[in-house]
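One structure is given below, encoded as structure tokens.
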Protein chains: 2
Amino acid sequence: MSDLGAALDIVGARWGLLIVERLLDGPQRYGDLQRDLGVGTNMLATRLRELEAAGVLSRLPLRHNTRAYALTERGLALREAVVALRRWGAAQGVGGAQDGQAL
Amino acid sequence: MSDLGAALDIVGARWGLLIVERLLDGPQRYGDLQRDLGVGTNMLATRLRELEAAGVLSRLPLRHNTRAYALTERGLALREAVVALRRWGAAQGVGGAQDGQAL
DNA sequence: CCGTCGTACTTCACTTTTGGAAGTATCAGG
DNA sequence: CCTGATACTTCCAAAAGTGAAGTACGACGG
């Protein structure tokens, strides 16, 4: 398995990088992520479990049955990749800009 | 749809970025990609069609029924993202480095 | 103590995507 | 016309994703 393959095995699944992107803005609760991303609650639970197992994020217990999800160092290290992909995606929307200095 | 979402819509599907990665080394033929990636021929054909439709790659006719797939400017612009993800993936393989100064 | 509310999931039935094997199309060479 | 190489297409079963509904748990009001 190549390095890229290993990375995609962890964050390449549907919603994986989108969840990480949201968490780059700071810790979020389950309901926040669900409403923000528009992802089904079962998918979200599955992805969060996988990403936690992979050491990308961790659960922070808040009050009783409430908790927050926050990126670990490993998860924060994905910022470069997320930014690079986001810039590329933004450039596509413009209609064909090969040079995009906007960030 | 966010910029990241738009990007993942194009190259976020299984094998999408892996194909782009191979093509970053230069144009490749169908059979090369298939053997190199170990992807099923149906998946490969489907992804190549989608990526071509998205303007990420183009077909270069070679001899009779042989052709090569090459990245367009748009496809080449994905190099940053691929490299960022590859680096992240490589850091994970080390075994648990929260601080990765490698590379 | 009991019913209700909010938050975090789990379960189920259904659709879409993926993966593997086998078949088709096209052209060159003999 | 038959064989071989290359590039796909088609078919079917398995895996993954989706949406709706249900469960678990603790706080809160009566």
Side-chain angles (χ1 to χ4, degrees), chain A residues 1-2 4-23 25-54 56-72 75, chain B residues 1-2 4-23 25-54 56-72 75:
Chain A
M1 172 88 66
S2 65
L4 180 58
L8 292 176
D9 249 26
I10 299 174
V11 294
R14 207 155 173 71
W15 297 108
L17 269 185
L18 275 320
I19 292 172
V20 170
E21 185 192 27
R22 286 291 71 216
L23 259 36
D25 286 346
Q28 311 274 333
R29 286 177 308 161
Y30 190 93
D32 294 337
L33 289 170
Q34 192 185 341
R35 277 183 297 274
D36 221 20
L37 294 172
V39 57
T41 177
N42 46 0
M43 263 291 91
L44 184 54
T46 302
R47 285 284 106 75
L48 289 175
R49 226 181 295 126
E50 292 172 354
L51 291 174
E52 187 188 15
V56 172
L57 55 82
S58 60
R59 294 166 199 239
L60 307 176
L62 300 184
R63 312 201 145 268
H64 59 288
N65 52 349
T66 303
R67 58 204 82 173
Y69 291 88
L71 292 179
T72 59
Chain B
M1 174 85 65
S2 65
L4 179 58
L8 292 177
D9 249 27
I10 300 174
V11 294
R14 204 154 172 73
W15 299 109
L17 270 186
L18 275 321
I19 291 172
V20 170
E21 186 193 26
R22 286 292 68 218
L23 259 38
D25 285 347
Q28 311 274 334
R29 286 178 309 161
Y30 191 92
D32 294 337
L33 289 169
Q34 193 184 342
R35 277 184 296 274
D36 220 20
L37 295 172
V39 56
T41 178
N42 47 358
M43 268 287 92
L44 182 55
T46 302
R47 287 289 165 271
L48 289 174
R49 223 181 295 127
E50 293 173 353
L51 291 174
E52 186 187 15
V56 172
L57 54 83
S58 61
R59 295 167 199 237
L60 307 176
L62 300 184
R63 313 200 144 268
H64 60 287
N65 52 348
T66 304
R67 58 205 81 175
Y69 291 88
L71 292 179
T72 59

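- Dashed line: the shortest gap from a side-chain N or O of B/Arg67 to OP1 or OP2 of D/dC8 is under 4.0 Å.
- In this structure, B/Gly40 reaches neither bases nor backbone, as no heavy-atom distance under 4.0 Å exists between it and the strands shown.
- Residues A/Asn42 and B/Ala68 both approach DNA chain D. Their nearest nucleotides, taken by heavy-atom distance, put B/Ala68 toward the 5′ side.
- Put simply, CG on B/Leu33 and CD on B/Gln28 are 5.5 Å apart, with the number rounded to the nearest 0.5 Å.
- The side-chain contact (heavy atoms from CB on, under 4.5 Å) test with B/Leu71 singles out one residue from B/Ile19, B/Leu23, B/Leu51, and that residue is B/Leu23.
- The distance between atom OH of A/Tyr30 and atom P of C/dA8, rounded to the nearest whole Å, is 9 Å.
- For B/Arg49, a side-chain nitrogen or oxygen approaches OP1 or OP2 of D/dT9 to under 4.0 Å.
- Contact annotation: B/Arg59 side-chain N/O to D/dC8 OP1/OP2 distance is under 4.0 Å.
- When each of D/dC8, C/dT7, C/dT18 is scored by its nearest atom to the side-chain atoms of B/Ala13, the top-ranked nucleotide is C/dT18.
- Distances shorter than 4.0 Å separate none of the side-chain N or O atoms of B/Trp15 from OP1 or OP2 on C/dT17.
- At least one side-chain nitrogen or oxygen of A/Arg47 sits closer than 4.0 Å to the OP1 or OP2 atom of D/dG17.
- Nucleic acid contact for B/Thr41: base, since at least one base atom lies under 4.0 Å from a heavy atom of the residue.
- A salt bridge is defined here as a Lys NZ or Arg NE, NH1 or NH2 lying under 4.0 Å from an Asp or Glu carboxylate O, and B/Arg49 with B/Glu52 fails to meet this definition.
- Rounded to whole Å, the distance from CG on A/Asp32 to P on C/dG6 is 15 Å.
- Side-chain proximity of B/Met43 to D/dA5, D/dG17, C/dG19: nearest is C/dG19.
- Nucleotide D/dA7 holds its C1' atom 15 Å from the CG atom of B/Leu60, rounded to whole Å.
- A residue-by-residue look at A/Glu50 and A/His64 shows that A/Glu50 has its nearest nucleotide of DNA chain D further toward the 5' end.
- Of the listed nucleotides (C/dT7, D/dG17, D/dC8), D/dG17 has the atom at the smallest distance from the side chain of A/Arg14.
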